[in-house]
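Notes to accompany the following structure.
Proteins get letters first, then strands, A, B, ... in listed order; numbering begins at 1 in each.
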Protein chains: 2
Amino acid sequence: MGSRNRDIQWSAMVRRREDGAEHRPSGTPPPKPRRRPTIQDLARAAATSPSTASRALSGNGYVAADVRVRVLEAAERIGYVPDINARTLRNRTSRAVGVLISDLRNPFYATLAAGIEQRLRSAGYHVIVVNNDGEEEAEVEGARTFLAVRVSAAIVTPVSERAVRMLMDDGVPVVQADRMVDGLTSDGVLVDNVQGARRITEHLIGLGHTRIALLIDETDWTTGAGRLDGYRAALRAAGLPMDPALVVPTRFQPEAAREAVTALLARRPDVTELFAATNMLAEGAFQALQRGGRRVPEEISLVAFDDVPWMSMVSPGVTTVDQHTDDLGRTCAQLVVDRIAGSSAGHTTVKYIEPSIIIRGSTGPPRGSTVPAARPEPGPLTTSPPS
Amino acid sequence: MGSRNRDIQWSAMVRRREDGAEHRPSGTPPPKPRRRPTIQDLARAAATSPSTASRALSGNGYVAADVRVRVLEAAERIGYVPDINARTLRNRTSRAVGVLISDLRNPFYATLAAGIEQRLRSAGYHVIVVNNDGEEEAEVEGARTFLAVRVSAAIVTPVSERAVRMLMDDGVPVVQADRMVDGLTSDGVLVDNVQGARRITEHLIGLGHTRIALLIDETDWTTGAGRLDGYRAALRAAGLPMDPALVVPTRFQPEAAREAVTALLARRPDVTELFAATNMLAEGAFQALQRGGRRVPEEISLVAFDDVPWMSMVSPGVTTVDQHTDDLGRTCAQLVVDRIAGSSAGHTTVKYIEPSIIIRGSTGPPRGSTVPAARPEPGPLTTSPPS
DNA sequence: CTGTTAGCGCCTTCAA
DNA sequence: TTGAAGGCGCTAACAG
C-alpha cells in the first residue's frame, strides 16, 4: 500500500444510515454481536423441543406436519441460521471442501477454481481456497488448515507430494487435478496431455513444418512429460528427425520464456515453429516474437498448450490446445461429490479430459514452403471461437 | 461432461502404492477415517491434562517450560491438529473470512481474490470463496453460508444490498470492495473512478480528440457513475461539448459491447475515440474494431478502464486505467484484519485506491489531426510495462 | 411422534 | 503451575 492510497473517514458516496441509535462515540468498544439465536431459541419460539426442531429442519426422523411448519416459520421469523461448526463437531463431517491451487492470478487456475466452486456450490458444499504460489510450505500449511477444519474432501493441483500425502494419511478424500503425484492412489482428473500435444504437433507437421522447437518448463509431472511425449510421438510417427536442441528448457515465468526464445532464435534461425507448453510460456514466446519483429506465421509459427483469453484477442490469434479447464474443474468437483456420497467406494477414479485443438492465425506453412496454403489466411480473429 | 471425457479405473501414469494392506475389494464400504487425535490424546501422550495441553499450545496462561516442550513434541509426534470447529464453537469466533465476489473467471475478480487470500493467509486466516455470478440469490445464499460458519468478517463486491445487510445485521464486519451499497455503513475499499476516468479522458483530449464515446454498462454503482462523472468532468473542464448520444449504454458482456460498438460506428462515423468502462466492454470494443477493420489508433483510438493481461498482449496495446487490483485486494484484507483486531473500532474506514494510467499504442491523435504526434508511435508493446 | 440426555473437541474459569 | 468441570450449539439414541 503505497502513497497511491488515501484514507478518508467518510465517503460522500455513502450515506449515513438514518438510524440514530447506531451512533457510537469513537473509542467505545465495538458492540458485542447480538447473540445469534440457537436451536434452543428456535425450539422455544416454535413451542417445541430442540430435537424436534432439529428434525424439522433436517428432515431426519418423524415430525408432525403442523409442527414442522411451525418450526420453519419460527426459523424464518427469528432469523435462525444453524451453526455449522457445532453441526460439524457433532456430525464429524462438514460440507466444506478444500481447494489447494497454485496461482489464482493465472487464468488456468482461476478458471479451474471457478468450475470447482460452481459445481460444489450447487451440490451444497462450500469451498475453502488456499493459494500456494507454487510453494511446498504454503501447500502443506493449506493441507493442515483443511485437516483442522475437517473438510470432507480436498481438490489439489499438487506442487509436492507432502500435502496430498498428509491429507490422504488422515483419511481425507483427495482429488488431484491437472497432475498427480506419482505413487499416491487418489482420485484425479487429468488432461490427456499426450494426445493434445500430439495432435497439435501433427497439425504443424501437416502444414509442412519439420523443425519445431518445444519450449517447456518441466518434465517431472505428467503435464510436462505428457506434452513432451506427444510432441515426440508426432515427430516419430511422421518420420521426422528428433533434434534434442529443439527441446528448449526454461523456467515457468513469461520473462524466462521470452529470453529463452530470443536466445533460441539467434542460435537456430532455421526453426520455423515454436510450441510453448503452457500459457505462461506462450506469453513469453509471443512477446519475444513480437519484440523481435518476427512475422507470425509467415516467418515463424506459434502454438500453445492451454487456451487463455489473450490468445484469442491478439492478431494473429494463437493456435492452441484447449484443455476445457472449466470442465476439468467441474469434473473434479463431481468426483468429490461422488466420493463423499460413497458411490465410488472401492476404487479410485482417474478421469481424463480430452483436449481439443483451436486453430487460429498463428500457424501457417513454414517460410519457403512450396506447398500452397490449403487454408486461406483469415482476417484477424475470424477463425477464433468467441472468447 | 460430454463425450470429451473418458473414464478409466486406473492410469498407467499412476503407480499403485506398494502397500498391500491398502487393497480393499470393491463393494466394501470406505474405511472409516481413523479417529483423529484429540487434545485428550495429546494430553495423554504428554502425560498431562487437556487444559495444560491447551495452554501449552495456545500460549495463554501458565505452563512450565518443560511441560510445554513435552506437549509440543507430543503434538508433533502423534500428528495432533486442533479441531477448528470445536475451537470456533467454544470461542464464538473463527479465523475464517468470507469472500463473496461476482466472477472468478473475470481476471479482475480473480486478481482481487488472489490479493485478499494472500494477505489473509499470511495473517493466519483462511478464506471461504463464494462466486455469485452476479446473481442476487446466489449472493444471499453465500451470505447465509458465511453466517452459518461464523466467519469473523466478510469481503463483498456487492451485487445487491441484501447480502451486505444480512451480514451487517448479524454483526459480521463487512468490507465492501470495488463498490459500495448506498446507505450501508461498512468499511470499504474503492477505486477513485472519477479521477481515473477523468485523467484518461484528459489524455485523450490532450491528443486532440473531441468526439469521445463512452461505452458503459451501468451507472447505478459508484463504479459506473464515477467513471461517467470523470469522463464528463474532463470534457467540461476542456470546454468540449457534451453529446449525450456519445454515452453508449450496453449490457456488460463483451458480445453486447461488440454489437453496441458496431452500431455506434455505423451511426456516428465522426467518433474518433472509444472509452470502454470495463475490461469486458473493452474486449467487445476491441473485437468490434478489429472485425470492422478499423485501424487503431489511426482511424480510431481505444481506451479502457481496468488493466487485464490481454491488453498488453495485443498490438497496439490498449491504453487503460490500472486499478491496482492486487493492491485493492490486499487493502481489503488489511481492513478486515484491523477491524477484527478492534484497532478500527468506533469508525468506519473507506479507503481509496488511486488508479494510474497506462499509455499503450491504442491511443493517438484523431485522424485528420493537424497536430503532429508528440509521442512517437512505438513498436508493439514497447511502451507496455511487463505483464 | 416427541422430549430428554449425552457428547462431539475445545478452552476458560475456578479451586487446589 | 496444574487439573477438574462445564458449556459452546447441535443431533442421534433412546425412552416415553
Side-chain angles (χ1 to χ4, degrees), chain A residues 32-72 74-75 78-96 144 147-152 170-171, chain B residues 32-71 74-75 78-96 147-152 170-171:
Chain A
K32 55 187 71 65
R34 153 174 89 74
R35 191 176 70 79
R36 276 186 254 259
T38 72
I39 203 165
Q40 287 271 7
D41 302 321
L42 174 59
R44 200 166 7 242
T48 180
S49 72
S51 21
T52 301
S54 172
R55 284 189 293 256
L57 292 174
S58 71
N60 294 12
Y62 300 103
V63 185
D66 60 320
V67 178
R68 161 173 293 122
V69 171
R70 236 164 51 218
V71 170
L72 264 34
I78 70 174
Y80 171 73
V81 178
D83 185 318
I84 287 191
N85 298 289
R87 185 178 280 176
T88 300
L89 183 60
R90 167 73 227 220
N91 291 351
R92 270 90 153 279
T93 168
S94 75
R95 300 290 279 181
R144 199 186 313 280
L147 293 179
V149 301
R150 274 41 175 172
V151 294
S152 56
D170 252 81
Chain B
K32 56 189 68 65
R34 154 175 88 73
R35 193 176 69 80
R36 276 187 255 260
T38 71
I39 204 166
Q40 287 271 8
D41 303 319
L42 174 59
R44 203 169 1 248
T48 181
S49 71
S51 4
T52 300
S54 172
R55 285 189 291 257
L57 291 174
S58 71
N60 294 12
Y62 299 104
V63 185
D66 59 320
V67 178
R68 160 173 293 120
V69 171
R70 236 165 52 217
V71 170
I78 69 175
Y80 172 73
V81 179
D83 186 316
I84 287 190
N85 298 289
R87 184 177 281 176
T88 299
L89 182 59
R90 166 71 230 225
N91 291 351
R92 270 89 146 270
T93 167
S94 76
R95 299 289 279 181
L147 293 179
V149 302
R150 274 39 175 172
V151 295
S152 56
D170 252 81

Expressed as a whole number of angstroms, how long is the span from [X]:[atom1] to [N]:[atom2]?
X: R92(B); N: dC11(C); atom1: CZ; atom2: P; answer: 14 Å
X: R36(A); N: dC8(D); atom1: CZ; atom2: C1'; answer: 13 Å
X: I84(B); N: dC11(C); atom1: CD1; atom2: P; answer: 10 Å
X: L89(B); N: dC8(D); atom1: CG; atom2: C1'; answer: 4 Å
X: N60(B); N: dT1(D); atom1: CG; atom2: P; answer: 15 Å
X: R90(A); N: dA6(C); atom1: CZ; atom2: C1'; answer: 8 Å
X: L42(A); N: dT11(D); atom1: CG; atom2: C1'; answer: 14 Å
X: R87(B); N: dG9(C); atom1: CZ; atom2: C1'; answer: 10 Å

Exercise for review: Would you name the heavy atoms of P37(B) and G79(B) that are closest together and state the gap between them?
Suggested key: CG-O, 3.8 Å
Revision key, fill the gap. Between Y80(B) and L57(B) the two heavy atoms that sit nearest each other are CE2-CD1, 3.4 Å
Taking only the side-chain heavy atoms of [X] (C-beta and beyond), determine which of [options] contains the nearest atom.
X: N91(A); options: dA12(D), dC10(D), dT12(C); answer: dA12(D)
X: S49(B); options: dC1(C), dG3(D), dC10(C); answer: dG3(D)
X: I39(A); options: dC11(C), dT12(C), dT11(D); answer: dT11(D)

With sugar-phosphate meaning primed atoms plus P, OP1 and OP2, does [X] contact a base, only sugar-phosphate, or nothing at under 4.0 Å between heavy atoms?
X: T88(B); answer: nothing
X: S58(A); answer: nothing
X: N85(B); answer: nothing

[X] side chain near [N] phosphate (N/O to OP1/OP2, under 4.0 Å):
X: Y80(A); N: dC10(D); value: yes
X: T52(B); N: dG3(D); value: yes
X: S54(B); N: dC11(C); value: yes
X: S51(A); N: dG3(C); value: no

Point to revise | side chain to side chain contact (heavy atoms under 4.5 Å, CB included), paired with V63(A), selected from N60(A), V67(A), D66(A) | key: V67(A)
About how many Å separate [atom2] of [Y] and [atom1] of [X], when rounded to the nearest 0.5 Å?
X: R35(B); Y: R92(A); atom1: CZ; atom2: CZ; value: 8.0 Å
X: S54(B); Y: R90(B); atom1: OG; atom2: CZ; value: 9.0 Å
X: I84(B); Y: L89(A); atom1: CD1; atom2: CG; value: 12.5 Å

Review point. For the helix from dC1(C)-dG16(D) to dA16(C)-dT1(D), what angle lies between the axis at the first five pairs and the axis at the last five pairs, to 10 degrees?
Key: 50°
Practice item. Starting from the 5' end of DNA chain D, give me the residue, P50(B) or A86(B), whose nearest nucleotide shows up first. Key: P50(B)
Side-chain donor-acceptor contacts of residues 42-50 of chain A below 3.5 Å, not counting sequence neighbours, with atom names and distances?
{"unit_1": "R44(A)", "atom_1": "NH2", "unit_2": "D41(A)", "atom_2": "OD1", "d": "2.9"}
{"unit_1": "S49(A)", "atom_1": "OG", "unit_2": "S51(A)", "atom_2": "OG", "d": "3.4"}
{"unit_1": "S49(A)", "atom_1": "OG", "unit_2": "T52(A)", "atom_2": "N", "d": "3.3"}
{"unit_1": "S49(A)", "atom_1": "OG", "unit_2": "T52(A)", "atom_2": "OG1", "d": "3.1"}

Review point. Is there a donor-acceptor pair closer than 3.5 Å between any side-chain N or O of S94(B) and the backbone N or O of R150(B)?
Key: yes
Review point. On DNA chain C, nearest-nucleotide positions of R150(A) versus R55(A): which is more 5'?
Key: R55(A)
